[in-house]
Amino acid sequence: MTRQSPEDLREIVGRLPTTRDEDWRYTDLSRARDITSRWLEAGAKTVAADIDEEIERITGSIDATWFVIANGELRLPGATSGISAERLDDVPAAANALAELNSALLVDGLRVRIDGAPDKPVGLLFIDGAADAATSQAHVEIEFAAGASGDVVEYHTSQGAQDHYANTIVAISVGDNANAAHLRIQSRDLRHVQTTHTTVNTGRDARFTSASFDLGGGLVRNDIVIGISNPGAEISFDGLYLAGEGQHIDNHTRVDHRVGPATSRQEYRGILNGRCRCVWNGKAIVHKGADGTDADQANHNLLLSEKAEIDAKPELEIYTDDVKCSHGTTVGQLDETSLFYLRTRGLDRQHAKQVLTHAFAAGLVSRVPIESAKSIVSELVKTRLREIIQSDEDFS
Amino acid sequence: MLEIKNLKSRIGDSEILRGLSLSVNAGEVHAIMGPNGSGKSTLAQVVAGHEDYEVTGGSVTFKGQDLLQLEPEERARNGIFLGFQYPVEIPGVNNAYLLKAALNAKRKHQGIDEIDAFEFLKLAKEKMAMLGMDPKFLNRGVNEGFSGGEKKRNEILQMAMLEPELAILDETDSGLDIDALKAVAQGVNSLRGPDRAIILVTHYQRLLDYIEPDFVHVLSQGQIIKSGDKMLAHELEEKGYDWVREAANG
């Protein structure tokens, strides 16, 4: 399945980013290198674990036209109305070592085109579960045709608890006047490493609304790069990360406003407990001539433990005059006055803590742009919060 | 019901309560009045269990039990309610959720099953009607964007739902217009009964026109310096606090 020699592959692995690269200062991919090397050493064979039941469970929980990428292998759905799909053979030239690794080891790529207004979301289930340590690649292109209106749900998860490295590329293009809603859920095992590179390009008067939930994963790095090259775009994306003991979740966002007018807003929130580390790096670049740009970025973090660490960095680069840009970053603990207030109403300390923690996340859950998936997101967030705060109460 | 003996308390380095004694029996309504900084709010916070206030002396018992050993939530479940002077805004926490969670925490403590959704809604709507509150407030964030009067009504709603044995209302009348004041007073009066006691902490006599106290106490520099019946409140209104202070100092 590999198109390159083991030596070539090892060479690519050797060039994966390190903490010496400015963009990767806080996120050490040694584990990804190690897992991939072990897998290559063992002959680059992946014996799938028993994952069908988990696939059934997830695809049954959200009504969508599901494309399943299991250990890097594509399973196409039976029927697709309003959607055309094909295997992807012509992956664009790789721009960096992660992309090179992706194209060198890719088994099945996928291209999906959404026309008109399909009655169901497009579901993309990325599930990895192997008998031994393994590496998998996914490469998906999603095109919203001009005037199309549709939903995409990405669900990244795992089965079993083997070391795994998943390297994912998603390229989304939103045509003129198209309206794209996007939801990403990631709930991998703590032994999983994932790097995800998502690009979004928007046409004239296009809308892209997204919500992203990182609930699992031992080492997670998400890059989202949004390019606005046509006027009238309206971009809104949220991200929630919940990190417990041993997790590392890094979100790097970049919005390039190349023309105006256009608006982009992002809000990332994190809840951290135990020894864990999260990174949010939000970059907005307003290029020369992108007049009428309105860019807003916010990142708020709740640290429930002294061992939790957050690196939050907004970056604004503005090369034109007629713009409105704002950013805000906060890092804090639970408000003691609110805790006391809830306790005087009979809620014990733990329960009060959960209620306030959940409230911190609830705004992003209520903004999930795909109505039919909202309740499952809400449940997943609550379940993960319970694990992180270690309690079994219902708190909303 | 509530016995406070020679209570001393401080926050940080400043001593606020300096040997306060007060006895409240079931069925009674007590008003605690006094100038700003006299320790009224501190008394309320200490009884509710705020951890920032250190108790350095004296005792507080509630229904014969040492109250100072209990966590704030245990005090609440045992029947103590504090109406906050400045109710806290908690965006993202549904008002109905908090009411239900508070009610269920108390019911669990009493060994009663959780309230069912229908019964809860009926009860909440009934109490809201009494307080002149729009049922829409149930689905708002706790005190989120509420006006001053709405927040105070919301406190009284919580009290009315929880039916505490001892309610301590800290400056519940401050910032209320006359309609809100009447609604709040009605809520408080509806709770009056032979098994319950109410402590009104207030700066002004105005509230006492609507909720008639059995006892009025004047607090100054962390001690009760004079006690009397409702006539004392009128006297204070007329003559000011200096009059009592001078009388107390002899």
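Below, each value reflects all heavy atoms present in this structure, side chains not excepted, and no hydrogens, waters or symmetry copies. Lettering of chains follows the sequences in order, A, B, ..., and the numbering in each one begins at 1.
No more than 12 heavy-atom neighbours from other residues, nucleotides or ligands sit within 6.0 angstrom of NZ on B:K125. The 12-atom threshold is exceeded at CD of B:Q110, counting heavy atoms of other residues, nucleotides or ligands nearer than 6.0 Å. Heavy-atom contacts from other residues, nucleotides or ligands closer than 6.0 Å to CG of B:D113 number 12 or fewer. More than 12 heavy atoms of other residues, nucleotides or ligands lie within 6.0 Å of CZ in A:R269, so this atom counts as buried by the packing criterion. Under a cut-off of 6.0 angstrom, the local environment of NZ in A:K374 is crowded, with over 12 non-hydrogen atoms contributed by other residues, nucleotides or ligands. Crowding of B:E114 atom CD: a count of heavy atoms from other residues, nucleotides or ligands under 6.0 Å not exceeding 12. Within 6.0 Å of CZ in B:F146 there are more than 12 heavy atoms belonging to other residues, nucleotides or ligands. Counted within 6.0 Å of CZ on A:R275, heavy atoms from surrounding residues, nucleotides or ligands total 12 or fewer; the atom is thus considered open.
Within the 4.5 Å cutoff, no side-chain heavy atoms of A:T337 are placed close to those of B:E89. Contact of the A:R349 side chain with the B:E71 side chain is not registered, since no non-hydrogen atoms from C-beta on lie closer than 4.5 Å. A:L347 places a side-chain heavy atom less than 4.5 Å from the side chain of B:L98.
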Show your working on side chain to side chain contact (heavy atoms under 4.5 Å, CB included) between A:F340 and B:F84 and close with a plain yes or no. CA-CA 11 Å; A:F340 178 62; B:F84 279 57; 3.7 Å; yes

Between B:I80 and A:T344, does the side chain to side chain contact (heavy atoms under 4.5 Å, CB included) criterion hold? Intermediate values first, please. CA-CA 8 Å; B:I80 292 180; A:T344 64; over 6 Å; no

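Shown here for A:A362 and B:G92, the closest heavy-atom pair between the two residues is CB-O, 4.4 Å. The heavy-atom pair separating A:R345 from B:G83 by the smallest distance is NH2-CA, 4.4 Å. Nearest heavy-atom pair, A:G346 versus B:A76, reported as atom, atom and distance to 0.1 Å: N-CB, 3.6 Å.
Salt bridge status for A:R343 with B:E74: absent, with no side-chain N to carboxylate O gap under 4.0 Å.
Between chain A and the residues B:H109, B:E73, B:K106, the most heavy-atom pairs under 4.5 angstrom are made by B:E73. Most heavy-atom pairs under 4.5 Å with chain A: of the set B:Q158, B:R75, B:K100, this distinction falls to B:Q158. Of the residues considered (B:A105, B:P87, B:A102), B:A102 shows the highest number of contacts with chain A, using heavy-atom pairs under 4.5 Å.
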